[in-house]
Amino acid sequence: MKIVTVIPLKKNVWRDHLSYFTAQDTPLGSIVTVPIRGQQVSALIIDSRDASNLKSELKTADWKLRKVTKIKKINYFDESFMTAVKLTADYFASPTGPIIKATIPQTILDEIPEGKSPIDTPTEKVISEINAIQEPDEERLARYKSLIREAFAKKQSVYLCLPTNADIHRIIEPLRKGIKDYVLIGHSTLSKKEQVEFWKKALTTEHPIVIVGTPLFLSLPRKDISTIIIDRENSPAYKTMIRPFIDWRFFIEQLTRQRGIRLILGDSALRSETIYRLGKGEINPLGSIKYRLTGNASSQIIPFLGNKDKTRILEAINERLEERIENALDGKEKVFIYSGRRGLTPLTICRDCGTVMTCDVCHSPLAIHQTSRSKEKIFICHKCSQVIDIEDECSRCKGQRLALIGFGVEKIIEELEKHFPQATIFRLDSDSIKTSKKAEEVIRQFKKTIGAVLVGTELALNYLDDKIDNVIVIGLDALLTMPDWRASEKLFNTLLRLKQLARKHFIVQTRQPDEKIFSYILTGNLIDFYRDEIAERQELGYPPFKVLIKISLAGKTAGIRKEVGNLEETLTKWQPLIYPSLTKNDKGLPILNILLRLPTTAWPNPELLEIFKSLPPAFLIRVDPESVL
């Protein structure tokens, strides 16, 4: 007899796992039917043990063990997938159940599609290999197409993984030329019916296929997948923002190791952690790694020093930029102006006491926006969406010398309309565009309009796939002052993507023109940037030299201090650091954090995992967090 642990696959069953018995052989990854509260529910087997080894536990158990009703699909998800899930759960200090449900679309969990059995012939298992490509987008795509042709010749399939739906949209047309019938696209915006059809077709197509998708469909049990490509490897979108807090790149690496297949990491600028692993020989380059990316566009840094004409107020577009834009429009060229912020101005500070105007609810900085109808200026919190009337005085010292810092999308558009009233101006940010269809339509209109100007945030960058005559960057200085260990790399990668978009001119307006990062961008010097970044991380104890674990608790101050204090005592030997978050949560409650820095060889740690498993759900645990703030 076997004792099996299962994860219920029904939405409204909240137990992470349950135990049953069966006389049948039930490998991990099998789909079974089990009784739960009078209903027959599909479940996934995540553990199976002989009952003879558990006699003492079964005798002392205070619950009655029930029988598995039916075995529906034997070994539907193979053992390699289940092992990768378990390793990911341990690394990110998460129960296995949420990881399973994150790696399989809910539509598939609700009803495992019927149809022919999955492709029966697995790809030839070899020692898992990790390769890296660091090349501009066009060159990288050409290499992917070559890899796909090689795989098809060997009757093998490929999974090309991208972080967002917008990335799929950007790459899909040039990728599927010549192989359109064998390219399947999978992402979260597919309807339930489309997801099931995708799943069935992916399993039953006899010819090798290319799956171009987000990580949502990585659980697909097609056995001839020989290569998984993680493109835009540097994207923070590979980290999940809700529970379970995992990094898909880690899961994919574990999956390829377990299956003995090839993993390829690709980007125009790989993560510093990946470059470090390349240097240690843990990852092999696929061809030569390009550490100097050049282009045909001229690059220029314009210091933001205000205007020579003292009658003009401080503006986002100073005189030199105005001249460049005027020349572009006269020549019927297109202009893309990138801003790191929405609204009119991202920060308002008091000149007397230095206080930043913040949200009363979550304490995040307030940005000034202008209402579309009345043109009234208001404060909006970008974290919790609170709308607050503009104040004329400082909330702390009551001083009335408030200063506006930075320039957002609305401010830039306001100035463009004033200086270039005849120009056609498009806007693309999350305040103005709510759906992918609308974003795509804005880009289409921009492309077909001669001498147009597009102003946008990173949302626009995700939809731009063709080069633009002039690319101008305004207002990214705030990233240089962020107290975040990834800030420099985020800024560098953003600027590099923007530079690659420019056909004729790439211009950055900054208050800090002497920063080394701008020099590296002008010359496309990736290697010196990496050297600086790695040296700084080693000195300060950040990844890849340490594993960071952030444990957060929100609540009333007295309560969280007591609970975090108790946990601090339990974690004493790991030298915990306790500190408050700079902002509150969405309910306006303060947050207290504990940070652990562990040697990379000391994690996962069984003792720590037991401690983390015993914590109430109110504690949020993030391993290798994007930010420690």
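Since the model is a prediction, treat every value here as computed from it, not as a measurement. Side chains included, hydrogens not; waters and symmetry mates left out as well; all remaining heavy atoms used.
Rounding to the nearest 0.5 Å places CD of E138 at 10.5 Å from CG of D465. The CD1 atom of I507 sits 9.5 Å away from atom CD1 of I337, with the distance rounded to the nearest 0.5 Å. Residue D137 holds its CG atom at 5.5 Å from CZ of R170, rounded to the nearest 0.5 Å. Expressed to the nearest 0.5 Å, how far CG of L265 lies from CZ of R232 amounts to 14.5 Å. One finds the CD1 atom of I172 at 8.5 Å from the CG atom of L162 (value rounded to the nearest 0.5 Å). To the nearest 0.5 angstrom, I551 atom CD1 is 7.0 Å from I549 atom CD1.
For the 3.5 Å distance criterion, the side chains of S272 and E489 qualify, holding a donor opposite an acceptor. For the residue pair E233/T274, the side-chain donor-acceptor check at 3.5 Å is satisfied. Q512 and D514 share no side-chain donor-acceptor pair at under 3.5 Å. Side chains of Y182 and S157: a donor-acceptor N/O pair is absent below 3.5 angstrom, by distance only. A donor-acceptor pair shorter than 3.5 Å can be found between the side chains of Y91 and D624. Between the side chains of R503 and N296, not a single donor N or O lies within less than 3.5 Å of an accepting N or O. Checked by atom type, the side-chain pair S581/N593 shows a donor-acceptor distance below 3.5 Å. Inspection of the N234 and N493 side chains reveals an N or O donor paired with an N or O acceptor under 3.5 Å.
With contacts defined as side-chain heavy-atom distances shorter than 4.5 Å, the pair V210/L184 does not qualify. The closest side-chain heavy-atom distance from L498 to F336 is below 4.5 Å. Side-chain contact between L501 and L461: present, with at least one pair of heavy atoms (C-beta onward) separated by less than 4.5 Å. With a 4.5 Å cut-off on side-chain heavy atoms, S94 and F612 do not count as touching. Counting heavy atoms from C-beta outward, I468 and E333 have side chains that stay 4.5 Å or more apart. Side-chain contact between V508 and Q300 is absent, with no heavy atoms from C-beta onward closer than 4.5 Å. Annotation: side chain of E135 is not in contact with side chain of S268 (no heavy-atom distance under 4.5 Å). Between K334 and N470 the shortest side-chain heavy-atom distance does not fall below 4.5 Å.
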- Task: Before giving the answer on side-chain contact (heavy atoms from CB on, under 4.5 Å), spell out for Y159 and I229 the whole-Å C-alpha distance, their side-chain angles and the decisive distance to 0.1 Å.
- Result: CA-CA 6 Å; Y159 194 122; I229 301 169; over 6 Å; no
Check step by step if side-chain contact (heavy atoms from CB on, under 4.5 Å) holds for I246 and F250.
CA-CA 8 Å; I246 66 170; F250 180 92; over 6 Å; no
Please assess E533 against R537 for the test salt bridge (Lys or Arg N to Asp or Glu O under 4.0 Å), listing each intermediate value before the final yes or no.
CA-CA 6 Å; E533 184 72 8; R537 291 191 189 187; 3.2 Å; yes
Take I264 and L147, measure what side-chain contact (heavy atoms from CB on, under 4.5 Å) needs, and give me the verdict at the end.
CA-CA 10 Å; I264 296 173; L147 290 168; 3.4 Å; yes
Could you walk me through whether K86 and D90 pass the side-chain contact (heavy atoms from CB on, under 4.5 Å) test, one step at a time? CA-CA 6 Å; K86 178 65 169 60; D90 284 348; 2.9 Å; yes
(message) Show, in sequence, the C-alpha distance, side-chain angles and deciding distance for S226 and Q156, and conclude whether the side-chain hydrogen bond (donor to acceptor under 3.5 Å, both in side chains) test is met.
(response) CA-CA 6 Å; S226 64; Q156 296 172 348; 3.0 Å; yes
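Within the cation-pi definition used here (under 6.0 Å to the ring centroid, within 45° of the axis), R259 does not qualify as a partner of F81. Both tests hold for R622 against F245: distance to the six-membered ring centre under 6.0 Å, angle to the ring axis within 45°.
For L329 against G451, the heavy-atom pair with the smallest separation is CD2-O, 3.2 Å. Closest of all the heavy-atom pairs between L548 and G541 is CD2-O, 3.9 Å. Looking at every heavy atom in both residues, L609 comes nearest to P604 through CD1-CB, 4.1 Å. Q134 and L270 make their closest contact through OE1-N, 2.9 Å (heavy atoms, listed as atom of the first residue, atom of the second, distance). For the pair N131 and P285, the tightest heavy-atom approach, listed with the atom from each and the gap, is ND2-O, 4.4 Å. Nearest heavy-atom pair, A237 versus T164, reported as atom, atom and distance to 0.1 Å: CB-CG2, 3.8 Å.
With Y520 as reference, D528 is the one residue of L496, D528, L495 to meet the side-chain contact (heavy atoms from CB on, under 4.5 Å) rule.
Note on K411 versus E415: salt bridge recorded, some NZ/NE/NH1/NH2 to OD/OE distance being below 4.0 Å. Looking at K447 and D466, a side-chain N of the basic residue comes within less than 4.0 Å of a carboxylate O on the acidic one, giving a salt bridge. At a threshold of 4.0 Å, the pair E150-K154 does not count as salt-bridged, since none of the basic side-chain nitrogens sits closer than that to a carboxylate oxygen. Between E253 and R257, at least one side-chain nitrogen of the basic residue sits less than 4.0 Å from a carboxylate oxygen of the acidic one, meeting the salt-bridge criterion.
Between the R292 side chain and the T523 main chain, a donor and an acceptor come within less than 3.5 Å of each other. At least one donor-acceptor pair closer than 3.5 Å links the side chain of S219 to the backbone N or O of T103. For the pair K550 (side chain) and I594 (backbone), a donor-acceptor distance under 3.5 Å is absent. Panel note: side chain K504, backbone S298; no donor-acceptor pair is recorded below 3.5 Å.
Counting only residues at least two apart or on different chains, the ring-ring contact (aromatic ring centres under 6.0 Å, His included) pairs with a member in residues 487-515 are F492-F529.
For W248 and Y238, the ring centers are positioned 6.0 Å apart or more.
Counting heavy-atom neighbours within 6.0 Å of E282 CD, excluding the residue itself, gives a total above 12.
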